[in-house]
Amino acid sequence: MSTNGSVIRIIIDGKEYLSRSGVYLIDVARENRIFIPTLCNISGVKPRGACRMCTVSVNGRYMTACTTPVSEGMEIKTNTPDLHDLRKAILEIMFVEGNHICPVCEKSGNCDLQALAYRFQILVPRFPYSFPKRTIDAENPLLVKDHNRCILCKRCIRTIKDEQGRSFFAFRKRGHKLEISIAHHLKDHLNKEIAQRAVDVCPTGALLKKESGYNIPISERKYERTPIGSEIESLKQSVIGDQ
Amino acid sequence: MERKKTIVATASLAGCFGCHMSLLDIDERILSLIDLVDFNKSPINDIKNFTEYCDIGIIEGSCCNSENVHALKEFRKNCRILISLGECAIMGGVPAMRNGIPIRECIEEAYMNSPSVKGHNPEMILPNDPELPMLLDRVYPCHEIVKIDYFLPGCPPRADLIYSALEALITGNEMKLPYEIVKYD
Ligand code: SF4
Ligand code: SF4
């Protein structure tokens, strides 16, 4: 058995790579310019494996790349037709599970969920739309929460914290009523800068800042011309080109 | 011998006509399209009733009332291929924002309570002419009412997407889907 941090060899999509054992597979892939789609993962924050978008095959078993530390001899496949379809299905579920009316969403064009759907070229979900009854909560003076668009990824809860490590956001209610809330005892500390960070970390249009919006012209939005993930892959091109 | 033209019909159900506008946005390519296509029932030429069986039916908009359902079923009966064009047809779109709001609340808001009507409807009359189509309990994507063969998303769908789809269907070639033309807004 290799100890954490020792140099190991793994195979990703038939090619051998060197890495250090214990590093999360998603990070190894990213360092080597291999794009594995994610939604709930944030670099540098403890992974949660919630959305399952990053599911890959490790020695023939499906595992989430964000929570799997690499070890010697692992054989990983990141993009088989089955995996492609599995990820597509997960995205389609997210679209029918909430109310995603992109034409009226402020995040449209800059939304990670939508961008993944674009990358997978989802034309229509295979599942029926559920049209759940959800609320929009604009009580906070700086932020609007639109529960129609929240995918419950917990990115806000896991990253937006005060100096003592207390989260500004939390889940409340249970089951299909589960929703994001702003921690009551901290809401007075939620300033503009924190609000902006929350909006930025949210992969969807579930958290929006008040008093501003549609700041980026349509043709300049993040995912207008280049698919999500191409920032990782395009580096691969230039690295290969340099050699 | 002249090649038989493809017969296309179009309809706008609960939509804003933006998808039809986008169809016209194919600019000068409409000339080459006219060589390949004849339009049957469509708001573009104002033909009200089907006069022959069509190859392609293009549906903009979702089903929000009984008339929409009737029109959509007519299209299914009279078209070999049916396409859902745009977000409303595919997932309900903006009209579907009323899903989840009780129908009475929607109507009262529109005719009694909203700022633009408040005070202008003193007798509090709600539309009640039997000629009017009945609103459905919610807005339905087209493929929940009839079988739909192809889906072209966008709000509106990019003209290039519409053109690429029509070209592929007419010529039998594979459809080109470059990244830039499949969008949801
Ligand atoms: S959050 Fe993203 S996917 Fe949902 S409506 Fe907004 S842009 Fe569309
Ligand atoms: S509000 Fe945004 S970041 Fe928070 S759980 Fe919902 S989708 Fe994720």
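All values reported here derive from a predicted model rather than from experimental measurement. We name chains A, B, ... by the order of the sequence lines, and we start the count at 1 in each one.
With a 4.5 Å cut-off on non-hydrogen atoms, A:I122 touches chain B through its backbone and its side chain both. With a 4.5 Å cut-off on non-hydrogen atoms, A:F95 touches chain B through its side chain but not through its backbone. Interface residue A:Y118: backbone and side-chain heavy atoms are both found under 4.5 Å from chain B.
Counting only N and O atoms by type, the side chains of A:N99 and A:Y129 include no donor and acceptor under 3.5 Å apart.
Using a 4.5 Å heavy-atom threshold, the side chains of B:S42 and B:V8 count as separate.
A salt bridge is absent between B:D46 and B:K41: the closest approach of a Lys/Arg side-chain nitrogen to an acidic carboxylate oxygen does not fall below 4.0 angstrom. A salt bridge links B:R158 with B:D185: at least one charged nitrogen is closer than 4.0 Å to a carboxylate oxygen.
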